[in-house]
Amino acid sequence: MQSRQQPSSGTRLRSIAGAGALTLLLSASSSLAQQPASDDTGQQAFNNSCRTCHSMKEGDNRLGPNLNKIVGRKAGALPNYNYSSSMKEAGFVWDQDKLTRFMVKPDEVVSGHKMQPYGGVSAEEAAKVVAYLQAAGSQ
């Protein structure tokens, strides 16, 4: 007959603590998965698609104009940036829809713009960028 060793109280406490930590970890990761996407996804989309040529800092014009407070701005009207004549004469104010469409298919919104061809972005990515531009521009 074999004798069974009883686990020490320290071993039992470590087992209970480990099980509790595992339960906490699993419940935290599932609750995080249920949360909506953070504002960081919009900034990440901006960084991936726009940051090479554009800045969010007022006055920081690069290859493209800065996009600070772009939502509500008249197209081609930012001082100190050399827009194409077609952008200067576009005659509209940037809103969420126009910006999204411009990012997806710029030639369909302003024919003759100077934005370098970059392949466009998906409508979903463009919507994330526009949400970020709007939120960051209102700060």
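The residues of the chain are indexed from 1 along the displayed sequence.
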* Heavy-atom closest contact (A45 atom, K128 atom, distance) -> CB-CB, 4.1 Å

* CZ (R101) with more than 12 external heavy atoms under 6.0 Å -> yes

* Partner set under side chain to side chain donor-acceptor pair (under 3.5 Å) for H54, not counting sequence neighbours -> none

* Structure fact -> Across all chains, not counting sequence neighbours, the side-chain contact (heavy atoms from CB on, under 4.5 Å) partners of Q96 are V130, Q134

* **Partners meeting side-chain contact (heavy atoms from CB on, under 4.5 Å) with S122 (sequence neighbours left out)** => E124, E125

* Asked: Which residues satisfy the side-chain contact (heavy atoms from CB on, under 4.5 Å) test with A127, sequence neighbours excluded?
  -> none

* **Residue K105 excluded, over 12 heavy atoms near NZ under 6.0 Å** => no

* Distance, nearest 0.5 Å, that separates CD of Q44 from OG1 of T41 -> 9.0 Å

* If you measure from SG on C53 to CE on M115, what distance do you get to the nearest 0.5 Å? -> 8.5 Å

* Side-chain heavy atoms of N82 within contact of K114, under 4.5 Å -> yes

* Asked: Distance-only, no hydrogens or angles: does the R73 side chain make a donor-acceptor pair with backbone N or O of N68 under 3.5 Å?
  -> yes

* In terms of hydrophobic clustering (I, L, V, M, F, W, Y; side-chain heavy atoms under 4.5 Å; direct or indirect links), are V110 and V93 co-clustered? -> no

What pairs of donor and acceptor atoms, side-chain ones from residues 56-63 against any protein atom, are under 3.5 angstrom apart with sequence neighbours left out?
from	atom 1	to	atom 2	distance (Å)
D60	OD2	S55	OG	3.0
D60	OD2	R62	NE	3.2
D60	OD2	R62	NH2	2.9
N61	OD1	N66	N	2.8
N61	OD1	N66	ND2	3.1
N61	ND2	N80	O	3.1

* Asked: How far does NZ of K74 sit from CZ of F92, to the nearest 0.5 angstrom?
  -> 9.0 Å

* Structure fact -> Nearest heavy-atom contact between A123 and T100 is O-CG2, 4.2 Å

* For D95, what residues pass the side-chain contact (heavy atoms from CB on, under 4.5 Å) criterion, not counting sequence neighbours? -> D97, K98

* Asked: Is there side-chain contact between F46 and L67, with at least one heavy-atom pair below 4.5 Å?
  -> yes

* For the student: nearest non-hydrogen atoms of A90 and A75, plus distance -> CB-CB, 4.0 Å

* To the nearest 0.5 Å, tell me how far I70 CD1 sits from F102 CZ. => 9.0 Å

* **Where at least one partner belongs to residues 67-90, residue pairs that pass ring pair (Phe, Tyr, Trp, His ring centres under 6.0 Å), sequence neighbours excluded** => Y81-Y83

